[in-house]
Colleague: 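Quick one: the structure is below, and I'll ask about it shortly.
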Amino acid sequence: MEKENSFFQRVYKVVEKIPYGRITNYGAIARYLGSARSARMVGWALNQTKFQVPVFPAHRVVNRQGLLSGKKHFGGHDTMAQLLLSEGVQVVENKIVDFADRYWDPIKELPPISVWLDNEK
DNA sequence: ATTCTGACAGCAA
DNA sequence: TTTGCTGCCAGAA
């Protein structure tokens with residue numbers, strides 16, 4: 001069990017806000033949360049959301065090159081790619097085709113994390 | 001308690 | 001341009 005406002009919890013809150021059909025990357029989330037060098041941990045956090053119900057949109061997070069680096073953690077074969085395809089996001093050879101157009105940056109789209117946290121108190 | 005290992009990314013060489 | 005090291009946080013051994 002983690003603390004309520006642990007880094008992990010924050011990651012989840014941000015990922016939940018990623019719009020349908022849009023994607024972002026690990027680094028962007030880390031930066032948004034104020035620890036720019038924790039991109040790695042974002043992935044680690046998502047790893048704990050496997051097989052969660054309702055489906056946690058972890059498939060909307062890829063690495064900065066648009067590659068589905070977390071693919072293997074979705075069990076089966078191309079589950080991650082298929083989830084994306086079902087949202088209209090084209091994937092070719094583990095890579096998102098129109099990455100730039102689909103890109104969603106939490107830093108631009110969401111209010112500052114500080115404001116957000118206040119809101120929930 | 002200490003050490004290791006990640007779904008990454010930035011920077012030094 | 002490519003490779004390698006390091007930071008960051010949490011959990012497992």
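A note on names: the letters A, B, ... follow the listed sequences, proteins ahead of strands, and every chain is numbered from 1.
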Colleague: For W104(A) versus T24(A), what's the shortest heavy-atom pair and its separation?
Modeller: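 Scanning both residues, the minimum pair turns out to be O-OG1, 2.8 Å.
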
Colleague: Nearest to the side chain of R40(A), heavy atoms from C-beta on, is which of dA7(B), dG11(C), dG7(C)?
Modeller: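 My answer, after comparing the listed nucleotides, is dG7(C).
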
Colleague: In this structure, how many angstroms lie between the P atom of dA9(B) and the CD atom of Q65(A), rounded?
Modeller: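 Taking CD of Q65(A) and P of dA9(B), I get 8 Å after rounding.
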
Colleague: Please pick, from dG10(B), dA10(C), dA7(B), the nucleotide with the shortest atom-to-atom distance to any side-chain atom of K50(A).
Modeller: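 For the K50(A) side chain, the nearest candidate turns out to be dA7(B).
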
Colleague: In whole angstrom, what separates I96(A)'s CD1 from dA7(B)'s P?
Modeller: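 Distance, rounded to whole Å: 18 Å.
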
Colleague: Give the rounded distance in Å between these two atoms: CZ of F7(A) and P of dG7(C).
Modeller: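 Between P of dG7(C) and CZ of F7(A): 16 Å.
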
Colleague: R22(A) side chain to Y103(A) main-chain N or O, any donor-acceptor pair under 3.5 Å?
Modeller: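 Present.
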
Colleague: Could you state the atom-to-atom distance from CD of Q9(A) to C1' of dG11(C) in whole Å?
Modeller: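 Those two atoms, CD and C1', are 14 Å apart.
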
Colleague: Specify the separation, in whole Å, of atom CG of L68(A) and atom P of dA7(B).
Modeller: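 Atom CG in L68(A) sits about 14 Å away from atom P in dA7(B).
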
Colleague: Tell me whether the side-chain N/O atoms of N25(A) come closer than 4.0 Å to OP1 or OP2 in dA9(B).
Modeller: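 It does, given that an N or O in the side chain of N25(A) lies less than 4.0 Å from OP1 or OP2 of dA9(B).
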
Colleague: I need the CH2-C1' distance between W44(A) and dC4(B), as an integer number of Å.
Modeller: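 About 11 Å, once rounded to whole Å.
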
Colleague: How far apart are the closest heavy atoms of L33(A) and V11(A), and which atoms are they?
Modeller: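 Distance-wise, the nearest heavy atoms are CD1-CG2, 3.6 Å.
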
Colleague: Would you kindly compare N63(A) and M41(A) by the position of their nearest DNA chain B nucleotide and give the one closer to the 5′ end?
Modeller: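 Comparing both residues, the 5'-ward one is M41(A).
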
Colleague: Between R64(A) and V42(A), who's closer to the 5' end of DNA chain B by nearest nucleotide?
Modeller: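 It is V42(A) whose nearest nucleotide is closer to the 5' end.
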
Colleague: Y26(A) near the nucleic acid: base, sugar-phosphate alone, or nothing, with a heavy-atom cut-off under 4.0 Å?
Modeller: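 If one applies the 4.0 Å heavy-atom cut-off, Y26(A) turns out to touch a base.
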
Colleague: Between dC5(C) and dC4(B), how many Å separate the two P atoms, rounded to a whole number?
Modeller: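 Approximately 15 Å lies between the P atom of dC5(C) and that of dC4(B).
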
Colleague: Quick one: L33(A) CG to dG7(C) C1', roughly how many Å, whole number?
Modeller: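 Taking atom C1' of dG7(C) as the reference, CG of L33(A) is at 16 Å.
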
Colleague: Please give the distance between the C1' atoms of dA9(B) and dG11(C) as a whole number of Å.
Modeller: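 So the two C1' atoms sit 22 Å from each other.
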
Colleague: With rounding to the nearest 0.5 angstrom, report the OH to OG distance, Y26(A) to S69(A).
Modeller: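 If we round to the nearest 0.5 Å, Y26(A):OH and S69(A):OG are 3.5 Å apart.
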
Colleague: When you measure from the side chain of Q48(A), which nucleotide among dG10(B), dG11(C), dA7(B) comes out closest?
Modeller: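 The nucleotide sitting nearest to the side chain is dG11(C).
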
Colleague: For H59(A) and E87(A): C-alpha separation, side-chain torsions, deciding distance, then whether side chain to side chain donor-acceptor pair (under 3.5 Å) applies.
Modeller: CA-CA 10 Å; H59(A) 56 283; E87(A) 297 188 1; 2.9 Å; yes

Colleague: Among the candidates dA10(C), dC8(C), dA9(B), find the nucleotide nearest to the side-chain atoms of S6(A).
Modeller: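 The answer is dA10(C).
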
Colleague: Between dA10(C), dC8(B), dC9(C), spot the one nearest the side chain of S38(A), thanks.
Modeller: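 Closest nucleotide to the S38(A) side chain: dC9(C).
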
Colleague: Roughly how many Å is it from CG in L84(A) to C1' in dA7(B), rounded to a whole number?
Modeller: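 It is 13 Å, rounded to the nearest whole Å.
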
